[in-house]
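Values below: every heavy atom of this structure, side chains too, minus hydrogens, waters and symmetry copies. Fair warning: this is a prediction, and the values are worked out from it, not measured in the lab.
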Amino acid sequence: MEQPKGVDWTVVILTCQYKDSVEVFQRELEVRQKREQIPAGTLLLAVEDPETCVGSGGATLNALLVAAEHLSARAGFTVVTSDVLHSAWILILHMGRDFPFDDCGRAFTCLPVENPQAPVEATVCNLDCLLDVMSYRLGPGCPPGVWVCSTDMRLSVPLNPGISWDGFRGARVIALPGSTAYARNHGVYLTDPQGLVLDIYYRGTEAEIRRCARPDGRVPLVSGVTFFSVETAEHLLATHVSPPLDACTYMGLDSGAQPVQLSLFFDILLCMARNVSREDFLAGQPPEIRQGDTDVAGYLQGARAKLWRELRDQPLTMAYIPDGSYSYMTSSASEFLHSLTSPGAPGPQVVYSQVEELQLLEAGSSVISCLLEGPVQLGPGSVLQHCHLQGPIHIGAGCFVSGLDTTQSKALHGLELRDVVLQGHHMRLHGNPSRVFTLFGCLDSWERQGTGTYLNMSWSEFFQKTGIRNWDLWDPDTPPAERHLLSARLFPVLHPSRALGPRDMLWMLDPHEDGGKALWAWRASWRLSWEQLQPRLDRAATLASRRDLFFRQALRKARHVLQDQQDLSLRPLIRAAVSEGCAGPLLATLDQVAAGTGDPGVAARALACVADVLGCWAEGRGGLRSGPAANPDWIRPFSYLECGDLAGGVEALAQERDKWLSRPALLVRAARHYEGAGQILIRQAVMSAQHFVSTEPVEPPAPGQWVVAECPARVDFSGGWSDTPPLAYELGGAVVGMAVRVDGRRPIGARARRILEPTLWLAMGPRQDEMAMKIVCQSLDDLQDYCQPHAPGALLKAAFICAGIVSVHSKLSLREQLLHTFGGGFELHTWSELPHGSGLGTSSILAGTALAALQRAAGRMVGTEALIHAVLHLEQVLTTGGGWQDQVGGLMPGIKIGRSRAQLPLKVEVEEITVPEGFVQTLNDHLLLVYTGCAKELVCQAACRRGECPWPGAAHQGVRGSLPPRKPTSAGQVPDLILGAEEAHGSRL
């Protein structure tokens, strides 16, 4: 199904805490633009928060200022002007705080989701889901303005949420339903019957929450999504020059202002709520400000007073989406694991991963972007993410393991993890890259308040079990209230004599195993707390490592898809590899598959994939994919393939390919030649049909006696295209067709006779008694153009070769061959009363009549089933290709269904369909043939260019699914074609 029209964003901004992350996240936005998740003309900006303590409101004001500044510069202004907002659709996405389960935050947390319709294959992050929600669900239909969306939650919104924008002004919040129990730890809206927001409660009392309840008992949760009209955005933007709000922006901080922390919902939006008085608003504090921050209360009061003056007159309304859902991504490991697994699922979730022993993954587990080699056992409720592991490994129930590679696999051998979180991190110490490993329990709390736990036990129990002491983790002068998991120096980042590994943390699970050596090594290491780790994390290296692992598993996937002949499009993967600089490794993998297989069908598909890589690499700048493929530089590789030397041919192709990678025009021309190479192998695969061609010797007719073969044309009812190679042998095919006379006559025919002169006389014309072209072949040289479809008499010449009457590779001359075997030559006439390219199967049926007449004239009888396969073989020799439905439809009488299985050699089986009495007469009375004058080839090529045919080879021989961007899995249509044919057969039409 086509993606509905989304918002054509003017600007998309992603805010982030750390300045070192700005370039990293800017690249991630650009990658998503290449994947067509963001419109091509959208301005993309990753913006650092001015200070880590400006809050969601301060980050929004700063991002709005940056957007207005860039748009003002684009429009030619020399100062920031709000006029640029009047024709702009702006989306601000807030990264928010650190997340204990992903070094790149909640936005880049990968989810167990695959998008088979995506034009580019990639893991799905929470950011991707939110972009989809904002662009295709919440945003469509809105006026110009500013959307603000947090990335710390997961949203589900129906495609048409029913939001009306008629007469809208002010600001609008999006609310999703939640239970009253969930609302106790969250924010809820209180509205009047018209949707006007009266108040916003955070962790409200039971009475306040009940006041917000809807008739179904659910409450409207604060979802983290807000829309500001242009007018309201202008009022908000105006505050950036007014102290103390100027301190929320980079301009204010650059001017020396003291930072101020603002909440988007409980400062900026709360002042618009109708039931909130000025006194209560100025006296209140947003939940983002901690209890110990009372020294900033006066400063905040001045900021709130300014917001009240600017925004109080702006209406705040709520759009409630009862069919949507909201889930905040908390720091609870158990809740996080539950969100990534399906506890009641019958099996594991395996997403963008290659797993060698799938049976070892228990139901309710998830594997996301991993490569698992050997026996890796995963218990229920556990998640593996971004790992390349080599077994034997046993990960029990309730675990989250992320960021480990093969070098750390040995650390897990012999252990059974349970209810723990083990992560590998990339960080930089004094500019040098390093790896760090962290371990904590799934039940541990990340809150600063309370006694806290570590590895699912109290601190005192942990100290007693491991021998670690209080002073190992905190300085003696650290107040008890500040001694918690976030501040504990638990995690080694540098050892004086060796590299660190998971064992430097895993020893804590069994501290007495090595007699205290691990404790001493831990104490000898430089250690940091979780809070100290966060600013030192190397997010660029983290994302690069994930990308590298994704493509490592993707290359294995490509290999398996090709070698196992899976019905799966590789086009999205190819586009991903090209867009992210991994085309080289993919080409090497495709070469290996093509050279190492003994199946010409597999090799042909691999070479077609190479062609698509080259075509994608050209990025649409090298010309049309369709074109000639007979450059002399490619003759040598082609000759290897023609001779059956697959490995040599693939190697020669790769050597030649390397010379054609320098610019788009050469890439496209190289792609055409790879398509040509693929066609050679497809021909060889289809020629396997020759296994089912047999003849029986009979008394030949006397010289001069004509043998005449006439056939009807054909029409197909259902299943057309599924008979076309390579689909016919990769996926199988089924076509229901019917033989038809035209104007009461069989319009296609051939006649052959033996002649005394040892030559070949060929004639072609529109009718049996009207031959428009005559050719005399007196030597083998006259037959050499048999494989050039447009050469005069090529089909008839190919018929003589395929019938075994002559051999162009024989050392004997044509005259000697004919005299030795037949005592003379042959005369062959063919005719068709139908226009060329009529789409009624003319050429294939004509080949069948020519073969039938020739074989009988030569003293051989060929059955209809053998003749069907003989035509397949002839069309490959002729190099026109083609499927089998034409000859099945015209050579077999009546109505029938033809089938081919997904296998080589290619065999066609035909079953006659018995229809109700009178059905044929009804068809005869109502069937009308109209000639449009448009050749079938042009229609087919146009259809392929629109992406309407299941195999693009009619236009160019690309990979399955080589179609326009949003149709990557068009081969998935083929089972529907086959099903349609079988249903037509079952219903007896």
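Separating the CG atom in Leu528 from the OG1 atom in Thr438 is a distance of 12.0 Å, to the nearest 0.5 Å. Note: Trp530 CH2 to Phe440 CZ = 5.0 Å, rounded to the nearest 0.5 Å. In this structure, SG in Cys387 is found 9.5 Å from CD in Gln423, a value given to the nearest 0.5 Å. Atom-to-atom distance recorded for Leu455:CG and Leu439:CG is 5.0 Å, nearest 0.5 angstrom. To the nearest 0.5 angstrom, Tyr454 atom OH is 7.5 Å from Ile468 atom CD1. Summarising the geometry, atom CZ belonging to Arg32 is positioned 7.5 Å from atom CG belonging to Leu131; distances are rounded to the nearest 0.5 Å.
In this model, a donor atom of one side chain and an acceptor atom of the other lie less than 3.5 Å apart for Gln592 and Arg559. Donor-acceptor pairing under 3.5 Å is recorded for the side chains of Ser487 and Trp474. Of the N and O atoms on the side chains of Gln553 and His388, not one donor lies less than 3.5 Å from an acceptor on the other residue. Using a 3.5 Å distance cut-off with no hydrogens or angles, the side chains of His386 and Ser402 do not pair a donor with an acceptor.
Arg523 has a carboxylate O that lies under 4.0 Å from a charged side-chain N of Asp472, or vice versa, which qualifies the two as a salt bridge. Between Asp405 and Arg552 there is no salt bridge, since none of the side-chain N atoms of the basic residue sits less than 4.0 Å from a carboxylate O of the acidic one. A salt bridge is defined here as a Lys NZ or Arg NE, NH1 or NH2 lying under 4.0 Å from an Asp or Glu carboxylate O, and Arg35 with Glu580 meets this definition. Salt bridge present: Asp504 and Arg498 bring a charged side-chain N and a carboxylate O closer than 4.0 Å. A salt bridge does not link Asp20 to Arg536: none of the charged side-chain nitrogens sits closer than 4.0 Å to a carboxylate oxygen.
Remark: the backbone N or O of Gln532 is paired with a side-chain donor or acceptor of Ser529 at under 3.5 angstrom. The main-chain N or O of Glu121 is never found under 3.5 Å from a side-chain atom of Arg575 such that the two would form a donor-acceptor pair. For the pair Glu373 (side chain) and Gln390 (backbone), a donor-acceptor distance under 3.5 Å is absent. Panel note: side chain Asn126, backbone Met153; a donor-acceptor pair is recorded below 3.5 Å. With Ser353 contributing its side chain and Ser369 its backbone, the two residues share a donor-acceptor pair below 3.5 Å. Side-chain atoms of Asn62 do not come within 3.5 Å of backbone N or O of Ala59 as any donor-acceptor pair. Under the 3.5 Å distance criterion, the side-chain polar atoms of Ser366 are matched with a main-chain donor or acceptor of Leu340. Proximity of a side-chain donor or acceptor of Ser445 to a complementary backbone N or O of Glu447 within less than 3.5 Å is detected. Checking side-chain atoms of Ser545 against main-chain N and O of Ala541 turns up no donor-acceptor pair under 3.5 Å. The closest donor-acceptor contact from the side chain of Gln385 to the backbone of Cys110 lies under 3.5 Å.
In this structure, the side chains of Trp617 and Leu661 come closer than 4.5 Å at one or more pairs of heavy atoms. Considering only heavy atoms from C-beta on, Leu443 stays 4.5 Å or farther from Thr453 through its side chain. Using a 4.5 Å heavy-atom cutoff, the side chains of Tyr18 and Leu537 are not in contact. Counting heavy atoms from C-beta on, the side chains of Phe462 and Leu490 come closer than 4.5 Å.
The local environment of CD in Gln464 is sparse, with at most 12 non-hydrogen atoms from other residues, nucleotides or ligands closer than 6.0 Å. The neighbour count for Trp526 CH2, taken as heavy atoms of other residues, nucleotides or ligands under 6.0 Å away, is above 12. No more than 12 heavy atoms of other residues, nucleotides or ligands shown are found within 6.0 angstrom of NE2 on His70. With a 6.0 Å radius and a threshold of 12 heavy atoms from other residues, nucleotides or ligands, His394 has its NE2 atom above the threshold.
By the 30° and 60° cut-offs, the orientation of the rings of Phe266 relative to Tyr202 is perpendicular.
Aromatic pair Phe491/His425: centroids not less than 6.0 angstrom apart.
Contact detail for His413 and Arg503: the closest heavy-atom pair is O-NH2, 3.5 Å.
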